[in-house]
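Since this is a predicted model, take the numbers as computed values, not measurements.
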Number of protein chains: 2
Amino acid sequence: MENIINHFEKYLPLNDEEKQALMSRVTERKIKRRQFLLQEGDVCKYFTYVQSGCFKMYGVDDKGVEHNLVFAAEDDWISDIGSLHKELPSKLFIEAIEPSVVLQISKGDLWYLYSNHPKFDRNFRVIMEDKYIELQNRLLQAFSSTALDRYDRFITQYPHLANRLPNTQIASYLGVTPEFLSKIKNDRFKK
Amino acid sequence: MENIINHFEKYLPLNDEEKQALMSRVTERKIKRRQFLLQEGDVCKYFTYVQSGCFKMYGVDDKGVEHNLVFAAEDDWISDIGSLHKELPSKLFIEAIEPSVVLQISKGDLWYLYSNHPKFDRNFRVIMEDKYIELQNRLLQAFSSTALDRYDRFITQYPHLANRLPNTQIASYLGVTPEFLSKIKNDRFKK
DNA sequence: CTTTACCCTTAAACTATATTAAGGGTATTT
DNA sequence: AAATACCCTTAATATAGTTTAAGGGTAAAG
């Protein structure tokens, strides 16, 4: 629980009352590798703080191929924000890549925190903004012409993930096959 | 000015005081074709409501190629939200594709509206959410395997834009060359 | 109303990436 | 500790998309 408090205090210090409110509205869950936080067709119910471990959020295309949109490791948030807010079925999956521990806040509890403790309003707004910016950068990166460029950007932007994720997952994030990523890495190394 | 009031009243009715506040905080500008609302390296200063006309927001890659991230036509919003909120230089351009009329709200006026008229707080939050969802769908679409798929999705999702934008702009949005888009359209027609 | 700038198309040659297949290696799970 | 499932690599063949070039058409600007 201390992690999430530290997380918020990066932006603004919390008083005891706020810490209390936060801790009472948050549910800790242990998640196994390959377990889902969200499956396509379900409505996303939680805003999830990753305390330890790692998740991927992805869509599956007509041919059954997975496309990783984002990763979230410790001290990050993950959620299908569209589905959570509009209460519409999600087109996405959120799945644990590693055994993980998360803290979840339901939409109702989120609203409770917003209306009773305005500081969270601001805090969650900043988180939302950060997520928006992350997505926009992701989109820009997705258009970087070559897969080699995209890979270079990925490892400079997420060095902690590059060493940790299987290449299959990185390939899916970059939008190439694992075979081609293998070739890219080999070519890169030779230079 | 009536357009923007109607726009907000789709979500929640506004009283006279709120309408007054909104209208006094908004600046109308006429924008010529090819004129910029934002250029790479500048900090984005405004949240822009498009009253008439059409804009594109795009990034330029190392090779000088433009990549359209989003379009915004009448009754839509456009802004580099990351740059606006963090006050950091943008990586993007926002440029008029058609002669346009916009209503702009500065960051300061936005904050004024938030704190003095809580209804706008909710209204702009919904707009933000919608923009986030749009971006997420865009990312999902960008990963649809073939360019033909992406084109099909584009014309079903934005039929009003498909007939209105030059194919060069649509090609840039889809992530293909205009020559290849031309081929796609030809192949599609033959079927 | 004329000129310029932009836009669309076609086609041939080229390149980045996918697909298929196969073998060996390394984690998880039982 | 064994078995299974997963992961990485290489290489040959296949394909989606790019590049270059060239011609004609249409809309914007002086």
Side-chain angles (χ1 to χ4, degrees), chain A residues 30-35 53-54 56 58 61-68 95-100 141-155 161-191, chain B residues 30-35 53-54 56 58 61-68 95-100 141-155 161-191:
Chain A
K30 284 186 212 307
I31 310 291
K32 290 182 191 165
R33 190 162 172 265
R34 259 149 242 252
Q35 192 178 336
C54 189
K56 59 179 173 177
Y58 61 94
D61 70 20
D62 305 336
K63 290 168 192 151
V65 180
E66 294 180 10
H67 299 281
N68 290 155
E95 184 184 334
I97 303 178
E98 301 174 0
S100 304
Q141 189 229 36
F143 281 121
S144 312
S145 31
T146 74
L148 175 61
D149 285 356
R150 264 141 48 212
Y151 182 66
D152 281 339
R153 282 201 202 195
F154 176 76
I155 57 171
L161 291 176
N163 298 318
R164 190 170 159 185
L165 296 171
N167 281 319
T168 43
Q169 296 309 319
I170 296 175
S172 165
Y173 181 92
L174 298 177
V176 295
T177 57
E179 291 84 357
F180 191 61
L181 177 55
S182 185
K183 192 174 177 247
I184 287 172
K185 291 177 78 177
N186 191 23
D187 292 352
R188 243 171 75 91
F189 186 70
K190 279 181 186 159
K191 275 186 185 164
Chain B
K30 286 187 210 306
I31 311 290
K32 290 182 189 162
R33 191 163 171 264
R34 256 150 245 250
Q35 193 178 337
C54 189
K56 58 179 174 176
Y58 61 93
D61 71 19
D62 305 336
K63 289 166 194 153
V65 180
E66 293 181 11
H67 299 281
N68 290 155
E95 185 185 333
I97 302 178
E98 301 173 359
S100 303
Q141 188 228 37
F143 280 121
S144 312
S145 32
T146 74
L148 175 61
D149 284 357
R150 265 140 47 211
Y151 182 66
D152 281 340
R153 282 200 200 197
F154 177 75
I155 57 172
L161 291 177
N163 298 320
R164 188 169 161 185
L165 295 172
N167 281 319
T168 43
Q169 296 308 319
I170 296 175
S172 166
Y173 182 93
L174 298 177
V176 296
T177 57
E179 291 83 359
F180 192 60
L181 177 56
S182 184
K183 193 174 178 244
I184 287 171
K185 290 178 79 178
N186 191 22
D187 292 353
R188 242 172 73 93
F189 186 71
K190 280 180 187 160
K191 273 184 185 167

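Stem regions for DNA chain D, each three or more consecutive Watson-Crick or G-U pairs with both distances under 3.5 Å and listed by first number, read C:1-6 with D:25-30, C:9-22 with D:9-22, C:25-30 with D:1-6.
Shown here for A/Lys32 and A/Ala96, the closest heavy-atom pair between the two residues is O-CB, 3.4 Å. Shown here for B/Asn167 and B/Leu181, the closest heavy-atom pair between the two residues is O-CD2, 3.4 Å.
Atom P of nucleotide C/dC8 and atom CZ of B/Phe180 are separated by 17 Å, given to the nearest angstrom. For the pair B/Ile170 CD1 and C/dT9 P, the computed distance is 11 Å after rounding to whole Å. Rounding to whole angstrom units, NZ of residue A/Lys183 and P of C/dA16 are separated by 8 Å. For the pair A/Glu179 CD and C/dA22 P, the interatomic distance rounds to 14 Å; values are reported in whole Å.
Comparing A/Arg34 and B/Leu165 along DNA chain C, the residue whose closest nucleotide (by nearest heavy atom) sits nearer the 5' end is B/Leu165.
A distance of 7.5 Å separates CD1 in A/Ile184 from OG1 in A/Thr146, rounded to the nearest 0.5 Å.
For C/dC7, neither phosphate oxygen OP1 nor OP2 lies less than 4.0 angstrom from any side-chain nitrogen or oxygen of B/Asn167. Within the structure, a side-chain polar atom (N or O) of B/Asn186 is placed less than 4.0 Å from OP1 or OP2 of C/dT10.
Candidate nucleotides C/dA18, C/dC8, D/dG17 were compared by shortest atom distance to the side chain of A/Thr177, and C/dA18 ranks first.
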